[in-house]
Amino acid sequence: MFNENKYREMDVLVIGGGPAGLATAIHAKERLNEVAPEASVVVVEKAEDLGRHNLSGAVFRSECLDELLPGWRDEAQSELDEFAATGGKGKLSFPAELLANKIEKEDLYVLPSEKMRIKAPVPPEMSHENDHTVSISKLVKWLGSVAKSKGVEVYPGFSVEGIASTDGAVKGVTLANRNRDRDDLFEPKELLSAKVTVFADGARGPLTEQLIKRYNLRGGKNPQMYSVGVKKVFEVSSDNPFGRNRIAHMIGYPLPMGVFGGGFIYSVSNRIHVGLVMGADAKYCDLDPQVELERLLSHDWVAGLIKGGRAIASGSRIIPEGGFYSFPDQTVNGGIIVGDAVGFVDMRKIMGLHYAVLSGISAGEAIFYSTKSGDYSKKTLKDYYLPNLETRKVMEDMRKARNYRQVFQKSFGPMLFPLHRILPKIKVSEDHHYISEKKINHKRPADATDKATLALLSGTMHPEEQDSHIRILNPDICRKCVAKYHDADAGMESVVTPCIKACPAEVYAWNSDEERIVISPGNCQHCQFCAIRCPLEVLEWSVPESGGPKHKEC
């Protein structure tokens, strides 16, 4: 039952305080001030503070901010000039720090083994010339402060549970229960009503997935494809050999042949971000992204770069990679989808951050014109949203990258790659359909960080009193999974299932005494990679009442 005393009505409701959601709110509020200054724009974010649940590489094409926030670049440059004139004394604001992190050197390396490194030319479609390295956590925090200064209401720490709809139209959302205590007392769920609801809850966002299923928004499209990205951030000395304003891409080691992905290293100020992207469609049932990251960190060249450095952060998240042919319809009556929730990622560069901002600006335009006409129908929202995406070349880039990820699922994928733009639509299945009983048996390096420590580095924490946000819908089916994917000769104390291996935070374990999978939801980093890799589709991930990772540098 809804708590009628807490029923709230607003004009624009944005679900998700990431780059796409905040860009939507900022632009919508600015445009609405022209016709309806009293119009309310509200952002609801599940993290306890903005930026805590946001993680990316991240390389950023900052030109998108020129449209969202005209004049920001001039102000940041003035601050940088003053900073240089005073000999670098004081602390830079985020915009100035962003400008200072312009990429000046970019490399691509093929790693044939844990000791070898071969330099290769960077393909033009992968180039990040004029881009910037950035902490997405800091970017989001800054955008949040800008949104508030413009009159947007921003409420972190509120998890959304479901969609409220009437007569085929979205009318708002219901919040989850909050602040449950040991006596099982809590603030009951409430209804937030809005004229238009913006779904900006990220890759495989639970609310967006509800919306897609309810209105069949992916009918006739490819299913979304995913990779998982895992990373560690190291604080290093100023004379680190990797240098500043540099990025490096790596292909080959540690991933086995046939597994999509690769490594990356970015420098951001006096920090080095080392990460690995790995396809969720990997055929090996025991492939573990955190083990593969630690193996990458043990490579002779990478190990030399981080030697003496201090690991200060870690995290994981999924990347929507299906691209143009996996996009759901992006509008419904009373609703619009933006950013990673759609899948706006250019897989040629594995970049989506600036597309998130541009899609938010485009959604803000659609909301403005719908408000002017008083019509929030699917058609009206679509008629303004999609042309704005075209104007900002979001859809143009997505079409150029079509089939890019799909070709890698084919036996001759690397050879088909140059033809990805002219090939007809390549149909694919959901990622878990490609998992086989084959094992790779990669071991974590002896001196590597274990998963429990990595979870601590992410700051992950969930209140013990709340119900688990991860459910196994049918434990009996899990036993079938164990029987299929585990080698009985290995002993039941080391059970291998895709969910156990996929989780970067050791959420899943096999209890031999009770013969069942047990869950430790308090460790969860909210990446949802487990549910994507579950071959029997019995894992249900929902938004927890509160808690999660606490990213600051990622």
Side-chain angles (χ1 to χ4, degrees), residues 15-18 21 44-49 52-55 155-163 173-182 184-190 192 199-213 226 228 280 315-318 340-341 432 451-452 454-456 458-475 477-478 497-500 502-509 511 516-534 536-551:
I15 309 303
V44 175
E45 163 59 36
K46 66 183 175 70
E48 295 173 7
D49 193 15
R52 292 295 182 90
H53 288 182
N54 298 99
L55 181 142
Y155 297 105
F158 286 85
S159 299
V160 178
E161 185 177 74
I163 300 168
V173 300
T174 56
L175 298 180
N177 298 326
R178 296 182 68 243
N179 299 327
R180 187 183 301 270
D181 62 20
R182 295 183 183 278
D184 206 28
L185 298 175
F186 53 86
E187 296 177 30
K189 62 188 69 175
E190 53 190 285
L192 302 182
F199 295 83
D201 50 346
R204 206 174 183 271
L207 211 66
T208 297
E209 292 301 308
Q210 284 185 40
L211 188 77
I212 290 171
K213 290 176 183 177
Y226 297 96
V228 66
S316 60
R317 64 155 289 176
I318 52 172
D340 275 6
H432 65 80
K451 286 187 176 183
L454 290 169
L456 288 174
S458 73
T460 299
M461 187 176 295
H462 295 79
E464 295 180 2
E465 294 80 15
Q466 71 179 230
D467 296 333
S468 175
H469 61 283
I470 306 170
R471 293 176 58 217
I472 297 177
L473 301 179
N474 189 334
I477 291 182
C478 285
T497 62
C499 68
I500 291 175
C503 180
E506 219 166 44
V507 170
Y508 303 90
N511 186 313
R516 66 184 181 93
I517 297 283
V518 294
I519 300 174
S520 302
N523 292 349
C524 179
Q525 296 185 17
H526 296 198
C527 70
Q528 300 191 64
F529 193 52
C530 56
I532 295 169
R533 287 282 283 175
C534 176
L536 301 177
E537 298 183 277
V538 295
L539 285 181
E540 182 180 76
W541 196 97
S542 58
V543 181
E545 294 173 24
S546 62
K550 295 181 180 179
H551 300 309

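- To the nearest 0.5 Å, atom CG of residue Asn511 and atom CD1 of residue Ile517 are 9.5 Å apart.
- Between the CD atom of Glu545 and the CG atom of Asp467 there is a distance of 6.0 Å, given to the nearest 0.5 Å.
- Looking at every heavy atom in both residues, Phe529 comes nearest to Ala502 through CD2-O, 3.3 Å.
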Which pairs of donor and acceptor atoms, one on a side chain in residues 519-527, lie under 3.5 Å apart (sequence neighbours left out)?
{"from": "Asn523", "atom 1": "ND2", "to": "Ala505", "atom 2": "O", "distance (Å)": "3.4"}
{"from": "Asn523", "atom 1": "ND2", "to": "Glu506", "atom 2": "O", "distance (Å)": "3.4"}
{"from": "Gln525", "atom 1": "OE1", "to": "Ser316", "atom 2": "N", "distance (Å)": "3.2"}
{"from": "Gln525", "atom 1": "OE1", "to": "Ser316", "atom 2": "OG", "distance (Å)": "3.0"}
{"from": "His526", "atom 1": "ND1", "to": "Lys46", "atom 2": "NZ", "distance (Å)": "2.9"}
{"from": "His526", "atom 1": "NE2", "to": "His462", "atom 2": "NE2", "distance (Å)": "2.9"}

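- In terms of heavy atoms, Leu175 sits closest to Val44 at CD2-CG1, 4.2 Å.
- Contact between Cys503 and Tyr508 at its shortest, heavy atoms only, is CB-CD1, 3.9 Å.
- Summarising the geometry, atom CD belonging to Glu540 is positioned 11.5 Å from atom SG belonging to Cys534; distances are rounded to the nearest 0.5 Å.
- For Glu48, there are no salt bridge (Lys or Arg N to Asp or Glu O under 4.0 Å) partners, not counting sequence neighbours.
- A donor-acceptor pair under 3.5 Å is formed between the side chain of His53 and the backbone N or O of Gly547.
- Side-chain contact check for Gln466 versus Pro544: some heavy-atom pair is nearer than 4.5 Å.
- Scored by the salt bridge (Lys or Arg N to Asp or Glu O under 4.0 Å) test, Arg52 finds no partners at all (sequence neighbours excluded).
- Expressed to the nearest 0.5 Å, how far CD1 of Ile15 lies from CD of Glu45 amounts to 10.0 Å.
- We find the CG-CZ distance between Leu55 and Arg317 to be 7.0 Å, quoted to the nearest 0.5 Å.
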(message) Walk me through whether Cys478 and Val538 qualify under side chain to side chain contact (heavy atoms under 4.5 Å, CB included).
(response) CA-CA 8 Å; Cys478 285; Val538 295; 4.1 Å; yes
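- Contact check for Pro504 versus Lys451: no side-chain heavy atoms found under the 4.5 Å cut-off.
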Under 3.5 Å, which donor-acceptor pairs link side chains of residues 203-212 to any protein atom two or more places apart or in another chain?
{"from": "Arg204", "atom 1": "NH1", "to": "Gln528", "atom 2": "OE1", "distance (Å)": "2.7"}
{"from": "Thr208", "atom 1": "OG1", "to": "Asp201", "atom 2": "OD1", "distance (Å)": "2.4"}
{"from": "Gln210", "atom 1": "NE2", "to": "Glu161", "atom 2": "O", "distance (Å)": "3.0"}

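- Legend: residues meeting side chain to side chain donor-acceptor pair (under 3.5 Å) with Asn474, ordered by chain and number and at least two apart, are absent.
- Evaluation of the salt bridge (Lys or Arg N to Asp or Glu O under 4.0 Å) rule for Lys550 yields no partner, not counting sequence neighbours.
- Summarising the geometry, atom OG belonging to Ser546 is positioned 11.5 Å from atom CE belonging to Met461; distances are rounded to the nearest 0.5 Å.
- Evaluation of the side chain to side chain donor-acceptor pair (under 3.5 Å) rule for Arg533 yields no partner, not counting sequence neighbours.
- Two residues are said to be in side-chain contact when any heavy atoms from C-beta on lie closer than 4.5 Å; Val228 and Ile532 fail this criterion.
- Cys499 and Leu539 make their closest contact through CB-CD1, 3.9 Å (heavy atoms, listed as atom of the first residue, atom of the second, distance).
- For the pair Thr174 (side chain) and Gly162 (backbone), a donor-acceptor distance under 3.5 Å is present.
- Applying the salt bridge (charged side-chain N to carboxylate O under 4.0 Å, His left out) test to pairs two or more places apart or on separate chains, those with a residue in residues 516-531 are Glu514-Arg516.
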